[in-house]
Each structure stands twice: as structure tokens, then as C-alpha cells.
Amino acid sequence: MRILLVEDDRLLGDGIRAGLMQAGFAVDWAQDGREGELALAGEPYDAVVLDLGLPKLSGMEVLKGLRAARNAVPVLILTARDAVPDRIAGLDAGADDYLVKPFDLGELQARLRALLRRGKSEGDPLLRHGALTLDPAARSVSWSGQPVELSAREFAVLQVLLLNAGRVLSKAQLEEKLYGWGEEIESNAVEVFVHHLRRKLSPELIRTVRGVGYMIPQAAE
Ligand code: CA
């Protein structure tokens with residue numbers, strides 16, 4: 001899951017970025033509104049954490065531009081404690097949720113998970129597929145009720161494939177979900193993660209679509 005963080009406060013941005021990475025998100029950090037807008041035009045994000053008070057272009061302008069361009073990416077805005085009108089204007093401009101500074105990183109992580117599952121499953125926080133269950137909050141996976149140990153990246157690959165069950169994802173699309181700006185990508189990393197997942201879970205779970213990418217088929221009901 002790849003998140004764009006738009007925050008000009010260095011200390012706060014550093015903390016949020018570290019907290020989200022620890023929770024398994026790939027994070028790109030833009031430090032002003034213009035940089036945020038550019039990132040949004042060029043990359044497919046799963047969610048955006050958007051400060052409203054930003055240099056060059058305000059968070060509200062970024063948000064309005066995003067919705068005007070019919071980009072429906074979930075947006076969580078960060079606002080100051082006394083800025084109730086900002087919060088209302090933000091929600092009216094198409095934000096999906098907000099947090100008031102200072103906030104708890106655990107709450108930010110949980111709210112992002114809630115945003116990410118909206119519209120993808122009927123409110124069930126667990127992702128299920130046959131014998132497989134993935135818990136995004138606990139970051140745990142089980143197969144036929146037995147816990148399976150996965151690395152952070154293996155977990156991320158599995159989660160993205162499950163959220164897109166029935167769709168083929170290219171290696172480049174998977175890499176985009178796994179790595180933030182400046183993180184080094186090993187050329188065959190995705191193949192290796194898929195190989196490990198097949199070994200640890202089931203050889204049949206993830207299909208290779210030759211020349212295109214990987215998919216988990218829709219679960220049979
Ligand atoms: Ca700010």
C-alpha cells in the first residue's frame with residue numbers, strides 16, 4: 001500500500017513517515033503543496049495524508065485540484081486543533097477523513113486502514129481467500145487457521161494481490177505499491193517475494209500470467 005504524505009513540518013513529517021513505514025506502508029513524502037500535486041499527477045497512490053497549511057500551494061488547493069481531476073484516492077487531512085472551519089471545508093472539498101494535530105500515530109495507521117478497506121470489502125477488516133486469512137491491523141496471516149510467518153514485503157505483496165483479486169498486476173505495479181521514493185528496488189525482488197509466498201502458503205495461490213504479471217484469482221464462493 002503506497003501512501004503520499006504531504007507535510008511541510010520536518011519533525012512531524014519524519015515521525016509520520018517512520019510510523020507509517022513501520023506499519024508496512026510504502027511512503028512518499030512531499031514537503032510542499034506543489035510537490036504534492038506533482039506526485040499525485042504521476043503516481044498511483046492508495047491514500048494521501050494531507051496537511052492543510054502548506055507552502056507554495058495549500059492543502060485545500062491540492063485537494064480541490066485532485067477532485068477536479070476526478071482522482072478518487074482516499075484523502076485524510078491534518079488540521080490544527082482550533083481550525084473547525086478548515087475541517088468542514090476540507091470534508092466538503094472531498095476529504096474522506098481528518099485528524100487534529102497532535103494525534104497518535106496508531107490512530108493515523110488505523111484510520112488509513114479503514115479508508116483503504118472502504119469499498120473493497122463489506123466492512124470486514126480481514127481479507128479472506130479460501131484457506132487464507134490476512135489481518136491488516138495485526139499484520140498477521142494464517143493458512144487453514146495456522147499462523148504463517150511472512151516478511152514485511154511478502155506481506156505487502158500478498159495484501160495488494162488480495163485487494164485486487166481477479167486482476168492481473170504487473171511487476172511494475174507491484175513495485176509501485178511496495179517502495180517509496182528513494183528506496184532501492186532489487187530487479188528480481190517481486191519474483192522472489194512471490195516465490196516465497198508460494199512456498200509458505202500454497203503453490204497454486206498466486207498465478208503467473210506470462211508476459212503480464214501476477215494475480216490471485218477471485219475466490220470461489
Ligand atoms: Ca503545515
Side-chain angles (χ1 to χ4, degrees), residues 1-120 125 136-137 139 152 156 159-160 163 175-185:
M1 301 282 101
R2 186 153 175 195
I3 308 289
L4 177 67
L5 166 65
V6 193
E7 170 61 73
D8 60 314
D9 184 307
R10 287 249 166 190
L11 208 61
L12 184 59
D14 232 4
I16 295 174
R17 180 168 178 271
L20 293 181
M21 286 178 74
Q22 202 180 13
F25 295 106
V27 183
D28 293 345
W29 178 14
Q31 304 198 5
D32 64 58
R34 191 70 70 197
E35 199 187 339
E37 191 183 52
L38 275 174
L40 284 161
E43 307 268 1
Y45 290 101
D46 295 292
V48 182
V49 177
L50 179 65
D51 183 31
L52 289 185
L54 292 168
K56 297 190 185 172
L57 194 65
S58 76
M60 199 66 81
E61 288 170 294
V62 174
L63 178 59
K64 284 180 177 163
L66 191 62
R67 295 313 188 217
R70 306 206 172 277
N71 186 333
V73 62
V75 175
L76 184 151
I77 53 175
L78 304 176
T79 71
R81 178 163 293 288
D82 51 356
V84 176
D86 279 2
R87 247 173 277 160
I88 295 170
L91 292 169
D92 282 341
D96 300 275
D97 199 0
Y98 67 87
L99 270 177
V100 175
K101 295 178 186 180
F103 51 83
D104 181 84
L105 270 176
E107 182 173 7
L108 176 61
Q109 294 164 1
R111 282 178 183 267
L112 282 174
R113 283 193 295 269
L115 283 182
L116 291 168
R117 71 173 175 262
R118 258 180 222 170
K120 299 217 168 170
R139 303 190 55 69
Q159 185 175 21
V160 171
L163 283 169
E175 285 171 351
E176 276 167 2
K177 301 285 188 194
L178 294 183
Y179 298 94
W181 293 341
E183 287 190 81
E184 199 155 327
I185 306 175

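Reckoned from all heavy atoms, side chains included, excluding hydrogens, waters and symmetry mates. Numbers here simply count residues along the sequence, with the first being 1. First listed ligand is number 1; within each ligand, the first listed atom is number 1.
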> Applying the side-chain contact (heavy atoms from CB on, under 4.5 Å) test to Trp29, which of Val6, Ile3, Asp14 qualifies?
Replying inline: Asp14
> Hey, are Glu37 and Arg34 close enough for a salt bridge, meaning a charged N less than 4.0 Å from a carboxylate O?
Replying inline: yes
>> Does this structure show an ion pair linking Lys101 with Asp51, if we count only N-O contacts that are shorter than 4.0 Å?
In response: yes
>> Could you check whether any side-chain N or O of Glu61 sits under 3.5 Å from a backbone N or O of Ser58, counting only pairs where one atom can act as donor and the other as acceptor?
In response: yes
>> More than 12 heavy atoms of other residues, nucleotides or ligands under 6.0 Å from OH of Tyr98: yes or no?
In response: no
>> Closer than 3.0 Å to the Ca ion (ligand 1), what protein N/O/S atoms do you find?
In response: Asp8 OD1, Asp51 OD2, Gly53 O
> Please walk me through it: do Arg67 and Asp96 pass salt bridge (Lys or Arg N to Asp or Glu O under 4.0 Å)?
Replying inline: CA-CA 12 Å; Arg67 295 313 188 217; Asp96 300 275; 3.0 Å; yes
